[in-house]
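To start, the structure itself, in structure tokens.
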Amino acid sequence: MTSTPTIAEPRQQRSRRTLQRIIDAFEQALRDQTFEEVTVGALCERAGCSVGTFYGRVESKDVLLEHVRRRVFDEVQATLGAVLDPDHAKARSLSALLREQISVLVDFHTQRRGVLRAVMVQARRQTAFAGPTRDFNTALLHQVTQSWLVHRDAIAHSDPIIAAQQATLMAAGYLRESIVFAELWPPQCALDRNDRINWLHHLVITYLTGSAPKEDAS
């Protein structure tokens with residue numbers, strides 16, 4: 001597939017409710033299954049509709065995933081909007097700002113783990129998902145780095161912009177491997193919410209400033 005899946009929004013309220021049930025069932029299924037493991041038959045059973053009704057609302061699982069991808073990307077922007085605002089960043093130290101942003105990101109990745117996993121995998125397989133994902137990542141990278149660069153004097157690198165970009169990639173990788181694909185790592189690597197926040201905060205602030213946060217110093 002090379003073109004972006006198209007989504008036809010139903011005109012009738014009943015059809016919209018049915019589509020919503022299918023989408024909700026899809027998201028629930030992705031909590032425990034991969035995109036490939038989710039079957040249309042099981043989705044229909046979970047959503048309380050027939051296979052014929054499914055294909056009357058959705059052309060394929062790819063189209064369904066595209067619908068969910070848009071929803072999730074919109075949620076990320078809405079969730080992070082306030083903590084990425086430059087004016088908000090100015091009112092906090094770099095360390096406090098990072099902890100706040102990281103807390104939001106850890107919670108979001110935990111809550112939407114299944115959908116994020118499916119989108120990430122398909123973005124590496126299909127250009128139709130790769131393009132929108134790249135565009136979203138580009139916009140998010142800019143927002144994150146701009147919020148950190150409000151405190152560029154605290155960033156101990158000759159090029160604060162590149163340092164902020166690399167730290168963002170570091171954080172994205174940690175969230176991906178620690179939460180989204182956690183099952184691929186040994187059980188002893190698993191951490192609870194607070195531990196993940198503390199470790200990621202430590203990694204990013206230490207990289208950016210060249211020193212560990214005060215609460216980690218001994």
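Everything numeric here is computed off the predicted structure, so don't read it as measured data.
- In this structure, the side chain of N198 engages the main chain of N194 through a donor-acceptor pair within 3.5 Å.
- With sequence neighbours excluded, the residues forming a side-chain hydrogen bond (donor to acceptor under 3.5 Å, both in side chains) with E177 are W185, listed by chain and number.
- When all heavy atoms of R176 and M120 are compared, the pair lying nearest together is CG-SD, 3.8 Å.
- In the model, Q28 has no side-chain atom that pairs as donor or acceptor with a side-chain atom of D24 under 3.5 Å.
- Residue A163 comes nearest to I155 through the heavy atom pair CB-CG2, 4.0 Å, listed as atom of the first residue, atom of the second, then distance.
- Placement of V121 and F136 within a single hydrophobic cluster is found when ILVMFWY residues are connected by side-chain heavy-atom separations under 4.5 Å, directly or transitively.
- Side-chain N or O atoms of S147 include one that pairs as donor or acceptor with a backbone N or O of V144 at under 3.5 Å.
- Under the ring-ring contact (aromatic ring centres under 6.0 Å, His included) criterion, the residue pairs touching residues 141-167 are H157-Y207, with sequence neighbours excluded.
- Take R113 and apply the side-chain hydrogen bond (donor to acceptor under 3.5 Å, both in side chains) test, not counting sequence neighbours, and it matches E183.
- In plain terms, the two heavy atoms of R92 and L97 that are nearest each other are CB-N, 4.2 Å.
- Other residues, nucleotides and ligands contribute only 12 or fewer heavy atoms inside 6.0 Å of the CZ atom of R134.
- Taking each heavy atom of H88 and V83 in turn, the nearest pair found is CD2-CA, 3.7 Å.
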As a quick check of understanding, evaluate side chain to side chain donor-acceptor pair (under 3.5 Å) for R196 and S178, giving each step before the final call. CA-CA 8 Å; R196 286 195 178 106; S178 176; 2.9 Å; yes
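- Residues R112 and E27 form a side-chain contact, since some pair of their non-hydrogen atoms from C-beta on lies under 4.5 Å apart.
- For R21, there are no salt bridge (Lys or Arg N to Asp or Glu O under 4.0 Å) partners at least two apart in sequence or on another chain.
- Proximity of a side-chain donor or acceptor of T127 to a complementary backbone N or O of A130 within less than 3.5 Å is not detected.
- Side-chain contact check for Q126 versus D62: some heavy-atom pair is nearer than 4.5 Å.
- Under the 4.5 Å side-chain heavy-atom criterion for grouping Ile, Leu, Val, Met, Phe, Trp and Tyr, L65 is connected to F181 within one hydrophobic cluster.
- Annotation: side chain of V72 is in contact with side chain of F108 (closest heavy-atom distance under 4.5 Å).
- Each of L169 and V76 belongs to its own hydrophobic cluster when Ile, Leu, Val, Met, Phe, Trp and Tyr are linked at side-chain heavy-atom distances under 4.5 angstrom.
- For D74, there are no salt bridge (Lys or Arg N to Asp or Glu O under 4.0 Å) partners, not counting sequence neighbours.
- The backbone N or O of F129 lies less than 3.5 Å from no partner atom in the side chain of E66, so there is not a single donor-acceptor pair.
- Between the side chain of R71 and the backbone N or O of H67 there is no donor-acceptor pair closer than 3.5 Å.
- In terms of heavy-atom proximity, T209 sits nearest to A156 at O-CB, 3.3 Å.
- A continuous path of ILVMFWY side-chain contacts below 4.5 Å connects V106 to L140, so both sit in one hydrophobic cluster.
- In terms of the salt bridge (Lys or Arg N to Asp or Glu O under 4.0 Å) criterion, E45 has no residue partners (sequence neighbours excluded).
- Geometrically, K61 engages F35 in a cation-pi contact, judged by NZ or CZ lying under 6.0 Å from the ring centre and within 45° of the ring axis.
- L200 and A171 get closest at one heavy-atom pair: CD1-CA, 3.8 Å.
- Clustering ILVMFWY residues whenever any of their side-chain heavy atoms sit less than 4.5 angstrom apart, transitively, puts L191 in the very cluster that holds M170.
- A donor-acceptor contact closer than 3.5 angstrom links the side chains of H201 and S95.
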